[in-house]
Engineer: 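Sharing a structure with you now.
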Amino acid sequence: MTIEHTWKPVTLLLVEYPVGDHLGLALAWLSFFPIFFIIGCLSIVLLRRDLHTITFLAGIFLNEGINLIIKKYLKHPRPVMDPGRYKLSSYGMPSDHAQATSFIVTYLCLFVLLRLYRNASLLEDLWKYILCCCLVGIGGGVAFSRVYLGYHTWSQVGCGSLLGVLAGLAWFLLVHWHLSNYFSLLANSPIGNQLLLRDCSTIPNVLYFEYVHIKKESTHRQRRKGSC
């Protein structure tokens, strides 16, 4: 006896674009930015256990939860798609891609400009402004892709982007002024020691700090090995 099943695709990574449209193909891949970024953050959390990264990732998920609640409350439909395309069952207002990307971009720009170490001259800090411009460009590209590919209207994308910026700003201020004060306490707690959590918020240049100490430790171990 054959059992009839109703099939449904996993729409998380479902993005359609017109065949032969190279711009549409590029925008389709660009629209995956928030998903790839979240996967990258999860990898960093598993490998480094840094509390600031964990808090940042928690903010991204909280922002996504807010988006889902607003969508279910407003129940605003997506734009009418061409016949033959897969129709998404979720609502369109606000755009979750635009909101997630705007949250990420806003938080990262504030972190780079206000929390990272500052060099002696403006020229040495030029890379920060270039990075922020690139992030803003990515945010605009993701928002544009959702309209170009027919998944959202401009109002849905605009609403999502505005909510993402406000949420990113609010979360950064909360972490910067309040939550980061408890990072050291949590890192030194019994559960923090068990999970190997660490607080890097007081280290101005983590990359350089790790480079120096790992190199020093590696040299020390090589000398001990050679003396045996």
Engineer: Measure the OG1-CG distance between Thr101 and Asp96 for me, rounded to the nearest 0.5 Å.
Structural biologist: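 It is 9.0 Å, given to the nearest 0.5 Å.
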Engineer: Closer than 3.5 angstrom, by distance alone: can the side chain of Arg198 be matched with the main-chain N or O of Arg49 as a donor-acceptor pair?
Structural biologist: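 Not a single qualifying donor-acceptor pair exists.
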Engineer: Quick check: do Cys200 and His52 have side-chain heavy atoms less than 4.5 Å from each other?
Structural biologist: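 No. Closest side-chain heavy atoms not under 4.5 Å.
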Engineer: Look up atom OG in Ser95 and atom NE2 in His152, then write down how far apart they are to the nearest 0.5 Å.
Structural biologist: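 It comes to 3.5 Å.
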Engineer: When rounded to the nearest 0.5 angstrom, what is the spacing between CG in Leu110 and CH2 in Trp171?
Structural biologist: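 One finds 14.5 Å between CG of Leu110 and CH2 of Trp171.
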Engineer: Students often mix this up, so state it plainly: with edges at 30° and 60°, are the rings of Trp154 and Phe144 parallel, tilted or perpendicular?
Structural biologist: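 Rings of Trp154 and Phe144: tilted, 30 to 60°.
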Engineer: Hey, could you give me the OH/CD1 distance between Tyr107 and Ile60, rounded to the nearest 0.5 Å?
Structural biologist: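 With rounding to 0.5 Å, OH (Tyr107) is 9.5 Å from CD1 (Ile60).
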Engineer: Do Tyr151 and His97 have their ring centres less than 6.0 Å from each other?
Structural biologist: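 No - the distance between ring centres of Tyr151 and His97 does not fall below the 6.0 Å cut-off.
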Engineer: Within this structure, what is the CG-CG distance for the pair Leu186 and Asn193, rounded to the nearest 0.5 Å?
Structural biologist: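 It comes to 10.0 Å.
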Engineer: Given side chains that start at C-beta, do those of Pro94 and Lys71 come closer than 4.5 Å, heavy atoms only?
Structural biologist: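 Yes, side chains in contact.
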Engineer: Answer yes or no: is there a side-chain heavy-atom contact under 4.5 Å between Tyr17 and Trp29?
Structural biologist: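 Heavy-atom side-chain distance check fails, nothing below 4.5 Å.
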Engineer: Any chance you could measure Thr106, atom OG1, to Phe172, atom CZ, to the nearest 0.5 Å?
Structural biologist: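 The distance works out to 11.0 Å.
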Engineer: Spell out, as yes or no, whether a donor-acceptor pair under 3.5 Å connects the side chain of Asn67 to the backbone of Asn63.
Structural biologist: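 Not confirmed, Asn67 side chain does not pair with Asn63 backbone.
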Engineer: State, yes or no, whether a side-chain contact exists between Tyr182 and Asp199 at a heavy-atom distance under 4.5 Å.
Structural biologist: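 Result no, sub-4.5 Å side-chain heavy-atom pair not found.
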Engineer: Can a side-chain donor-acceptor contact be found between Tyr148 and Asp21 if the only test is distance below 3.5 angstrom?
Structural biologist: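 Result is yes, a qualifying pair exists.
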